[in-house]
Participant: 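Here's a structure for you.
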Amino acid sequence: MSVPPQESESSPLSSYAQGLAVVGFGGFVLSFDIPLIRLSESAFWTVLLVRGVLTCLAAVLIWRIDRLLFPSSRKLIAGRAGLIVTGIYSLAAATFVFSVFNTSAGNVVFILAFNPMFSALLSWRMVGERPSTATLLAIPATLFGVLLIIGAGFETGNWMGDLAALATAFLVALAITLARRSRTDMRYAAALGAFLPALLAAPFVAAEGIQYEAIGWLVLNGAMIVPIALICLALGPMFVPAPIVSIAYLVETVLAPVWVWMVFSERPTDLALAGGIVVVGTLVVHSLVELGRARRSRRRSIAVASRHV
């Protein structure tokens with residue numbers, strides 16, 4: 001029996017709604033990462049160790065539960081490609097924490113928002129996925145915004161933290177691109193990547209002791225916030241296209257500075273704020289354009305399929 005076109009369209013739309021809820025929740029949860037690190041008032045090596053160990057343990061626990069419920073479930077690390085991607089996420093975890101300690105929260109998340117543009121360029125070079133016209137136009141605009149933020153960092157002495165945030169954005173984009181090229185599910189790689197920085201931090205913590213003022217915030221962050229957020233965001237591409245995932249990352253970009261501003265009264269400089277507005281505004285427009293293009297393409301596919309039923 002033939003299926004009416006409107007019913008065939010409702011199923012993917014329902015899947016999109018579920019995917020949007022998952023990645024939106026992931027972006028919202030991730031927005032508490034930096035504020036919780038700041039609230040713990042912990043030393044750099046302590047954050048790397050505690051956050052890393054707890055994030056990794058939480059990911060392993062979730063994977064074990066998944067394996068018990070579904071014995072044929074995916075591997076924790078997907079072979080050699082999985083090891084490489086996990087290693088890249090390890091570097092990203094270290095540069096991210098360094099950036100949190102060496103520049104403002106607003107600068108960190110605004111620069112990390114450049115990640116989708118890095119992903120587009122790397123996908124073009126490594127996977128052969130040519131960026132759309134909207135992406136090619138968005139790249140110079142977002143780059144201009146990032147340069148404004150780094151320029152503000154030179155004025156305030158935070159440029160090393162800004163460059164570390166830029167390195168984090170590049171490393172995460174590289175890991176995502178390699179995972180996409182391998183066509184392998186690596187949803188746990190980002191969380192597992194926190195383990196190597198923790199291992200590196202262990203000798204320093206052993207020498208100087210765990211240094212903190214309110215470690216409960218750090219435990220909450222490492223055991224729940226980070227692993228839940230990373231896994232939700234990693235699940236996103238299974239349900240929704242990349243533009244929607246980009247919007248979900250923008251949730252963190254917008255909310256994290258707000259939480260820090262409310263709790264710590266830490267306002268970005270005017271130049272950094274201007275750069276952040278350029279980056280966020282460009283990415284919002286870019287994501288909406290790409291989303292509209294994806295919807296039109298999907299509707300055309302549904303119309304073609306309905307004519308052949």
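The residues of the chain are indexed from 1 along the displayed sequence.
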Participant: Check the hydrophobic clustering (I, L, V, M, F, W, Y; side-chain heavy atoms under 4.5 Å; chains of links allowed) and say if Leu271 and Leu166 are grouped together.
Facilitator: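 They do not share one cluster, since no chain of ILVMFWY contacts under 4.5 Å joins Leu271 to Leu166.
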Participant: Check Leu192 against Cys56 and note the closest heavy-atom contact, atom names and distance.
Facilitator: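 In terms of heavy atoms, the two residues are closest at CD2-SG, 3.8 Å.
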Participant: Do other residues, nucleotides or ligands put more than 12 heavy atoms under 6.0 Å from Phe195 CZ?
Facilitator: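 Counting neighbours around CZ of Phe195, 12 or fewer heavy atoms of other residues, nucleotides or ligands fall under 6.0 Å, so no.
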Participant: Is there a donor-acceptor pair under 3.5 Å between the side chain of Thr168 and the backbone N or O of Phe96?
Facilitator: yes
Participant: Specify the closest pair of heavy atoms between Ala165 and Leu112, including all atoms of both residues, with the distance to one decimal.
Facilitator: O-CD2, 3.4 Å
Participant: Look at atom CZ of Phe101 and say whether more than 12 heavy atoms of other residues, nucleotides or ligands are closer to it than 6.0 Å.
Facilitator: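 Atom CZ in Phe101 is crowded, with more than 12 foreign heavy atoms closer than 6.0 Å.
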Participant: How many angstroms lie between CH2 in Trp261 and OG in Ser104, if you round to the nearest 0.5 Å?
Facilitator: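 Going from the CH2 atom of Trp261 to the OG atom of Ser104 covers 11.0 Å.
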Participant: Under a 3.5 Å distance rule, please check whether Ser40 uses its side chain to pair with a backbone N or O of Ile37 as donor and acceptor.
Facilitator: yes
Participant: Return the minimal non-hydrogen interatomic distance between Ala105 and Ile34, and the atom names on each side.
Facilitator: CB-CG2, 3.7 Å
Participant: Measure the spacing between CG of Leu178 and CE of Met126 and express it to the nearest 0.5 Å.
Facilitator: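 Atom-to-atom, Leu178:CG and Met126:CE are 4.0 Å apart.
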Participant: Please round to the nearest 0.5 Å and tell me the distance separating atom CG of Asn158 and atom CG of Leu163.
Facilitator: 11.0 Å
Participant: For Trp259 and Phe28, take the angle between the two ring planes, folded into 0 to 90°, and tell me which bin it lands in: parallel under 30, tilted 30 to 60, perpendicular over 60.
Facilitator: perpendicular
Participant: One pair to check against side-chain contact (heavy atoms from CB on, under 4.5 Å): Arg64 and Leu76. What are the steps and the verdict?
Facilitator: CA-CA 9 Å; Arg64 285 298 301 162; Leu76 183 62; over 6 Å; no
Participant: Group every Ile, Leu, Val, Met, Phe, Trp and Tyr by side-chain heavy-atom contacts under 4.5 Å, then state whether Leu54 and Leu199 land in the same group.
Facilitator: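 Per the 4.5 Å side-chain linkage, Leu54 and Leu199 are not co-clustered.
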Participant: To the nearest 0.5 angstrom, please state how far the CG atom of Leu121 sits from the CZ atom of Arg125.
Facilitator: 12.0 Å
Participant: Looking at every heavy atom in both Pro197 and Leu48, which two are closest together, and how far apart are they?
Facilitator: CB-CD2, 3.8 Å
Participant: Under the 3.5 angstrom rule, does the side chain of Thr103 hit a backbone N or O of Ser99 as a donor-acceptor pair?
Facilitator: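 It does not hold such a pair.
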Participant: Given the rule that I, L, V, M, F, W and Y join up when any side-chain heavy atoms are under 4.5 Å apart, are Leu148 and Met160 in one cluster?
Facilitator: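 Hydrophobic grouping puts Leu148 apart from Met160.
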Participant: Report, as yes or no, whether the 6.0 Å neighbourhood of atom CZ on Phe144 holds more than 12 heavy atoms from other residues, nucleotides or ligands.
Facilitator: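 Atom CZ in Phe144 is not packed in, count stays at 12 or less.
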Participant: If I compare all heavy atoms of Arg51 with all of Val97, which pair ends up nearest, and what's the gap?
Facilitator: NH1-CG2, 4.0 Å
Participant: Starting from the C-alpha separation in whole Å, work towards a yes-or-no answer on side-chain contact (heavy atoms from CB on, under 4.5 Å) for Thr95 and Phe170.
Facilitator: CA-CA 11 Å; Thr95 54; Phe170 174 79; over 6 Å; no
Participant: I need the single residue from Leu49, Ile210, Val47, Leu36 that forms a side-chain contact (heavy atoms from CB on, under 4.5 Å) with Leu218. Which is it?
Facilitator: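 Only one of Leu49, Ile210, Val47, Leu36 forms a side-chain contact (heavy atoms from CB on, under 4.5 Å) with Leu218, namely Val47.
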Participant: Within a radius of less than 6.0 Å around CZ of Phe25, do more than 12 heavy atoms belonging to other residues, nucleotides or ligands occur?
Facilitator: no
Participant: Of all the heavy-atom pairs spanning Ala194 and Ala93, show the shortest one and how long it is.
Facilitator: CA-CB, 4.3 Å
Participant: Any chance you could measure Leu230, atom CG, to Tyr188, atom OH, to the nearest 0.5 Å?
Facilitator: 12.5 Å
Participant: If you measure from CD1 on Ile277 to OG1 on Thr282, what distance do you get to the nearest 0.5 Å?
Facilitator: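 Ile277 CD1 to Thr282 OG1: 11.0 Å, rounded to 0.5 Å.
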Participant: Are Val85 and Leu196 joined in one hydrophobic group, where the rule is that I, L, V, M, F, W and Y side chains link up if heavy atoms are under 4.5 Å apart?
Facilitator: no
Participant: Give a yes or no on whether Val108 and Trp159 share a hydrophobic cluster (residues Ile, Leu, Val, Met, Phe, Trp, Tyr; joining criterion: side-chain heavy atoms under 4.5 Å apart).
Facilitator: yes
